[in-house]
Amino acid sequence: MKTAFMTKLRSNKALKSNLITFGMVIIAYILMEILMAAGVLSNLLKGLLVPLCVYAILAVSLNLTVGILGELSLGHAGFMCVGAFSSAFFSKCMQEAIPIAGVRFTLAILIGALCAGLFGILIGIPVLRLKGDYLAIVTLAFGEIIKNLVNILYIGIDENGFHFSTKSSLELNMSENGKIIIQGAQGITGTPNDSSFTVGILLLLITLFIVLNLIHSRDGRAIMAIRDNTIAAESVGINITKYKLMAFSISAALAGVAGVLYAHNISTLTALPKNFGYNMSIMILVFVVLGGIGNIRGSIIAAVILTLLPELLRGLNDYRMLIYAVVLIAMMLFNWAPSCIRWREKMTYWLKSKKPVKNSGKEA
């Protein structure tokens with residue numbers, strides 16, 4: 001009876017925490033819509049709404065690998081690149097065949113997630129046997145390889161089908177009616193602009209639903225057991241390879257969804273270092289670390305703050321980066337300094353002690 005009561009208590013606590021996270025996202029969406037309707041938001045902030053959703057999805061998905069699985073991955077931008085280019089390629093090819101934007105974009109999301117998840121499985125099978133720095137280096141190499149492969153890839157289509165080349169567009173040997181879809185380093189141009197803030201929020205909510213339900217499920221507990229002690233988890237019969245691949249591939253698929261949202265928000269999609277390179281992977285990791293490793297809600301807050309802050313401080317050109325650095329240090333101290341952790345625990349205990357205790361019945 002006592003065990004059942006404790007299980008129910010933990011379940012109620014998890015449900016309350018999840019509802020707070022969902023409510024935070026929904027309230028932020030409603031607030032932004034009100035500000036846009038009132039004409040208060042500048043064009044700069046309006047342009048940042050979809051990227052904010054992209055970065056939030058990336059931060060939540062990477063936290064599944066880093067915080068819940070406990071493996072350091074530096075190739076998250078590579079999975080985003082796979083989702084972005086596969087979905088943009090599909091949308092470009094099917095722009096005339098599927099004129100309904102909603103249907104085409106939904107299929108593009110599924111294709112981007114499927115391709116990125118498939119790459120996650122293919123990369124995860126050999127890579128997840130490694131640990132620590134070795135895993136980080138190999139995933140980093142994967143992200144760079146994907147980016148460089150896209151930059152040398154030329155794909156065109158005509159009445160005879162698809163044509164591929166890794167040299168130049170002249171090597172495609174297409175007919176006069178053919179069109180080039182991927183132009184090497186110039187990427188894909190003319191992708192349908194199907195992304196919007198509303199779609200981004202819906203995808204973020206779906207991402208949260210998938211990740212939070214996984215964390216609080218039996219599979220999620222197995223994944224966290226592997227994170228805490230691999231040997232102990234294996235000794236009680238947990239399939240290490242299965243659950244590592246599960247977490248890694250789901251994380252990759254969600255990064256692919258973020259890539260789809262990103263690709264359909266810009267007119268020209270290119271595989272530049274700033275978009276899908278090492279710096280992007282590190283930036284996503286910074287969101288996770290500063291928001292709190294394993295803290296899904298914190299990842300979203302960190303992604304929003306660290307994306308908005310440089311733009312909001314753009315008027316203070318002389319002090320912008322200084323303020324940004326101070327905020328980074330302050331967030332790091334707040335999340336990781338022992339004294340700050342003890343202070344947060346004291347405040348949490350004090351707030352709970354102020355609440356009236358309800359009589360939950362006698363324990364058997």
Side-chain angles (χ1 to χ4, degrees), residues 51 54 58 73-95 108-109 111-127 135-193 195 248-249 252-253 255-285:
V54 171
L58 288 170
S73 173
L74 295 179
H76 216 56
F79 297 118
M80 177 188 175
C81 182
V82 171
F85 274 88
S86 60
S87 64
F89 181 83
F90 171 81
S91 295
K92 185 76 173 177
C93 292
M94 296 295 166
Q95 195 167 4
I109 293 172
I111 289 173
L114 183 62
C115 291
L118 182 60
F119 269 82
I121 294 173
L122 295 176
I123 298 300
I125 290 173
V127 164
L135 175 63
I137 291 170
V138 174
T139 53
L140 171 62
F142 159 74
E144 293 299 310
I145 289 170
I146 289 293
K147 175 175 64 67
N148 291 328
L149 281 177
V150 171
N151 281 327
I152 63 169
L153 189 62
Y154 295 85
I155 301 178
I157 185 173
D158 60 11
E159 61 272 10
N160 297 320
F162 290 102
H163 299 262
F164 301 87
S165 175
T166 57
K167 296 180 180 179
S168 69
S169 58
L170 298 176
E171 299 290 330
L172 294 174
N173 297 321
M174 294 189 303
S175 65
E176 295 181 356
N177 297 325
K179 65 177 180 178
I180 302 174
I181 300 176
I182 300 181
Q183 305 181 56
Q186 296 180 18
I188 301 176
T189 57
T191 306
N193 190 3
S195 294
F248 196 73
S249 59
V257 171
V260 176
L261 190 63
Y262 174 82
H264 289 75
N265 188 52
I266 55 178
S267 57
T268 302
L269 178 64
T270 54
L272 297 176
K274 67 177 182 179
N275 297 338
F276 304 111
Y278 170 74
N279 290 335
M280 174 62 82
S281 294
I282 292 299
M283 185 177 70
I284 303 167
L285 184 62

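Predicted model, so just to flag it, every value in this text is computed and none were measured.
Sorted by first and then second residue, the ring-ring contact (aromatic ring centres under 6.0 Å, His included) pairs with a member in residues 155-187 read Phe89-Phe162; sequence neighbours excluded. The salt bridge (Lys or Arg N to Asp or Glu O under 4.0 Å) pairs that include a residue from residues 256-272 number zero, where partners must be two or more places apart or lie in different chains. For the salt bridge (Lys or Arg N to Asp or Glu O under 4.0 Å) condition, no pair includes a residue of residues 264-279, sequence neighbours left out. Each side chain to side chain donor-acceptor pair (under 3.5 Å) pair with one or both residues in residues 75-86, not counting sequence neighbours, appears once here: Ser61-His76. Each salt bridge (Lys or Arg N to Asp or Glu O under 4.0 Å) pair with one or both residues in residues 142-153, not counting sequence neighbours, appears once here: Glu144-Lys147.
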For Val257 and Leu261: C-alpha separation, side-chain torsions, deciding distance, then whether side chain to side chain contact (heavy atoms under 4.5 Å, CB included) applies. CA-CA 6 Å; Val257 171; Leu261 190 63; 5.9 Å; no
With side chain to side chain contact (heavy atoms under 4.5 Å, CB included) as the test, would you mind laying out the steps for Ile157 and Ile181 before giving the verdict? CA-CA 7 Å; Ile157 185 173; Ile181 300 176; 3.7 Å; yes
Show, in sequence, the C-alpha distance, side-chain angles and deciding distance for Ile121 and Ser249, and conclude whether the side chain to side chain contact (heavy atoms under 4.5 Å, CB included) test is met. CA-CA 5 Å; Ile121 294 173; Ser249 59; 3.6 Å; yes
Determine, step by step, whether Ser73 and Phe248 satisfy the side chain to side chain contact (heavy atoms under 4.5 Å, CB included) criterion, reporting the C-alpha distance in whole Å, the side-chain angles of both residues, the deciding distance to 0.1 Å, and the verdict. CA-CA 9 Å; Ser73 173; Phe248 196 73; 4.2 Å; yes
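We find the CG-OG1 distance between Asn275 and Thr270 to be 5.0 Å, quoted to the nearest 0.5 Å. Within the model, atoms NZ of Lys167 and OH of Tyr154 stand 12.5 Å from one another, a figure rounded to the nearest 0.5 Å. Here the straight-line distance linking atom CD1 of Ile188 with atom CD1 of Ile155 works out to 8.0 Å at 0.5 Å rounding. The CD1 atom of Ile182 lies 5.0 Å from the CG atom of Leu153; values are rounded to the nearest 0.5 Å. For the atom pair CG (Leu118) and CZ (Phe79), the distance works out to 10.5 Å, reported to the nearest 0.5 Å. We find the CG-CE distance between Leu58 and Met280 to be 7.0 Å, quoted to the nearest 0.5 Å.
Put simply, the side chain of Asn151 gets close to the backbone of Ala271: a donor and an acceptor are under 3.5 Å apart. Without hydrogens or angle criteria, Lys92 side chain to Ile180 main chain gives no donor-acceptor distance under 3.5 Å.
For the pair Ile146 and Cys81, the tightest heavy-atom approach, listed with the atom from each and the gap, is CG2-SG, 3.8 Å. Across every non-hydrogen atom of Ala88 and His264, the tightest pair is N-CE1, 4.1 Å. Residue Ala252 comes nearest to Gly120 through the heavy atom pair CB-CA, 3.9 Å, listed as atom of the first residue, atom of the second, then distance. Nearest approach of Gly277 to Ala77, heavy atoms of both residues: O-CB, 3.7 Å. The minimum heavy-atom distance between Gly190 and Gln95, with the atom names listed, is O-OE1, 3.9 Å. Residue Ala108 comes nearest to Ser91 through the heavy atom pair CB-OG, 3.6 Å, listed as atom of the first residue, atom of the second, then distance.
Residues Ile266 and Thr191 form no side-chain contact, since every pair of their non-hydrogen atoms from C-beta on lies 4.5 Å or further apart.
Environment of CZ in Phe119: sparse, with no more than 12 heavy atoms of neighbouring residues, nucleotides or ligands closer than 6.0 Å.
Judged as a side chain to side chain contact (heavy atoms under 4.5 Å, CB included), and not counting sequence neighbours, the contacts of Ile282 are Leu74, Tyr278, Val286.
By the 30° and 60° cut-offs, the orientation of the rings of Phe276 relative to Tyr262 is perpendicular.
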